[in-house]
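Both ligands and their constituent atoms are indexed starting at 1 by order of listing.
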Amino acid sequence: MTLITDVRLRRVLDSRGNPTVEADVLTESGGFGRAAAPSGASTGEYEAVERPAGEAIAAAREHAVPRLVGEVYAGNQRDVDAALRAADGTDDFSEIGANSAVAISMAAAKAGADVLGAPLFQHLGGTFRGDNFPIPLGNVVGGGEHAADATDIQEFLAAPVGAPSVADAVFANAAVHGTVADLLEERDIACGKGDEGAWAPSIDDGEAFEIVAEAVSRVQDEVGFNVGFGLDVAGAELYDADSGTYEYSDRSRDTEEQIAYIADLVEEYDLVYVEDPLDEDDYDAFADLTDEVGDQTLICGDDLFVTNTDRLVEGIDRGAANSILIKPNQIGTLSDAVDAIELARRNGYDSVVSHRSGETEDATIAHLAVATDAPYIKTGAVGGERTAKLNELIRIADDAT
Ligand SMILES: C=C(OP(=O)(O)O)C(=O)O
Ligand SMILES: [Mg+2]
């Protein structure tokens with residue numbers, strides 16, 4: 001029933017206005033799935049390769065489509081993803097592009113779900129999934145590679161850890177985003193937004209901490225449950241390998257100073273989450289920081305692990321972190337992303353399923369998080385391509401997908 005009969009690929013716009021790959025997968029019995037690839041700006045060095053959309057589409061039409069059409073069942077995700085790997089023939093999807101691969105992988109999953117008449121999370125995770133929801137981490141102030149002339153730290157993330165429901169959590173994050181705007185206005189700070197919809201004021205990190213801490217505390221008082229906050233430091237973007245230092249606007253920090261700085265921030269602001277506090281090659285520094293504060297907060301590897309089980313195994317062996325960011329396009333297929341989540345769980349690591357800074361209306365990651373019982377999802381706080389995922393979580397909870 002789910003034999004793939006057609007794969008159609010096209011260029012569509014992402015949220016930055018760049019072309020990205022959209023895939024349609026059709027099946028013998030009329031099943032249909034459509035998905036589009038997201039795209040990063042602060043990409044990790046070890047990610048699967050995104051090719052320019054037109055080239056990725058041409059290569060996938062030549063190498064992948066013939067291995068799928070009439071050959072593979074969309075309902076068998078492992079076979080779909082194995083066919084994509086075989087068609088590509090490289091370790092990093094540099095032939096057909098991880099953007100073509102992930103779009104086809106996700107579209108096939110949706111086609112499989114469509115044939116079953118089941119919600120995507122249930123097709124991916126089974127009938128006993130759908131009761132647990134991830135806590136959404138929402139970017140409310142940001143800079144780094146996502147906005148010019150803004151904070152050094154890439155993302156200040158609201159984290160409504162005490163929310164009684166996913167809808168309460170989603171609205172709490174939007175309230176923090178709105179309260180940050182009020183506080184910026186009170187301080188006469190005009191600003192626009194970065195790529196993920198976070199405010200991108202031209203302020204230093206110290207002032208951003210003050211504002212976000214105040215916003216979180218006000219919203220916590222309003223909603224009556226615990227709202228904390230966290231960071232994506234995107235340490236690899238700050239790190240200068242030649243000098244071995246982290247370069248902030250106002251000063252440099254060597255690795256020891258960077259570890260001490262982050263540990264102090266965890267203490268001072270009771271941070272619940274710290275992503276990529278250190279460079280993507282420095283497992284040892286990650287391990288030192290995790291040793292120091294890993295019992296108080298999540299230390300999450302994004303550029304460190306790039307959703308790659310080999311890198312995660314190394315991190316687990318070395319005690320480098322206690323959580324992993326999961327971005328399907330970093331590794332190229334849903335099967336690989338699920339393998340990383342399962343390996344993480346078996347080793348006591350929390351998974352944080354994540355959007356990219358360049359996004360589309362695609363909501364697959366909301367289903368992936370619910371399907372795998374992931375404790376967190378990072379997908380912004382506002383903006384259509386972000387609310388696509390957040391509203392889908394609310395629909396899943398409402399049994400309305
Ligand atoms: C979402 C992120 O940004 P990008 O997609 O630019 O890598 C991130 O670094 O976690
Ligand atoms: Mg990151």
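- Numbered from 1 in the order shown, with element, the atoms of ligand 1 that lie under 4.0 Å from a heavy atom of E196 read 1 (C), 2 (C), 3 (O).
- Exactly one residue among T290, N322, V266 makes a side chain to side chain contact (heavy atoms under 4.5 Å, CB included) with T297. That residue is V266.
- A donor-acceptor pair is defined here as one N or O able to donate and one able to accept, closer than 3.5 Å; such a pair exists between the side chain of D88 and the backbone of E95.
- Atom 9 (O) of ligand 1 has its nearest heavy-atom neighbour, among E145, K378, Q154, E47, in Q154.
- Taking all heavy atoms of Q330, H146, E359 into account, the minimum distance to atom 3 (O) of ligand 1 is reached by H146.
- Taking any N or O of H355, backbone or side chain, none lies under 3.5 Å from an N or O belonging to ligand 1.
- Distance check, rounded to the nearest 0.5 Å: CG of L393 to CZ of F121 gives 11.0 Å.
- No cation-pi contact links R318 to F286, judged by a cut-off of 6.0 Å to the six-membered ring centre and 45° from its axis.
- Between S354 and ligand 1, no pair of N/O atoms sits closer than 3.5 Å.
- Side-chain N/O atoms of D92 and S94 include a donor and acceptor closer than 3.5 Å.
- Partner N139 forms a side chain to side chain contact (heavy atoms under 4.5 Å, CB included) with one of K193, E155, R386 and no other, that one being E155.
- F171 CZ: 12 or fewer foreign heavy atoms inside a 6.0 Å radius.
- Looking only at N/O/S atoms, D232 comes nearest to the Mg ion (ligand 2) through OD2.
- Considering backbone and side-chain atoms alike, G40 places every N or O at 3.5 Å or more from each N or O of ligand 1.
- Proximity of S42 to ligand 1 is established by a heavy-atom distance of less than 4.0 Å.
- Counting non-hydrogen atoms of neighbouring residues, nucleotides and ligands closer than 6.0 angstrom, the CG atom of D91 reaches no more than 12 such neighbours.
- Closest N/O/S atom of E275 to the Mg ion (ligand 2): OE2.
- Using modelled atom types and a 3.5 Å distance limit, the side chains of Q258 and D279 yield no donor-acceptor pair.
- Neither the backbone nor the side chain of D303 has a heavy atom within less than 4.0 Å of ligand 1.
- Using a non-hydrogen distance threshold of 4.0 Å, L325 registers as a contact of ligand 1.
- Close approach of ligand 1 to D302 (heavy-atom distance below 4.0 Å) involves ligand atoms 8 (C), 9 (O), 10 (O).
- Aromatic rings from Y269 and F156 are positioned such that their centres are separated by 6.0 Å or more.
- Closest to atom 6 (O) of ligand 1 by heavy atom, among G380, C300, S357, A236, is S357.
- Among all protein heavy atoms, the one lying closest to atom 7 (O) of ligand 1 is R356 NH2, 2.8 Å.
- For ligand 1, the polar-atom distance check against K327 finds a nitrogen or oxygen pair separated by under 3.5 Å.
- With respect to the Mg ion (ligand 2), D302 has OD2 as its nearest N, O or S atom.
- Interface atoms of ligand 1 facing D232, defined by a heavy-atom separation under 4.0 Å, are 8 (C), 9 (O), 10 (O).
- At a cut-off of 3.5 Å, with distance as the only test, a side-chain donor of D81 or S105 sits close to an acceptor on the other residue.
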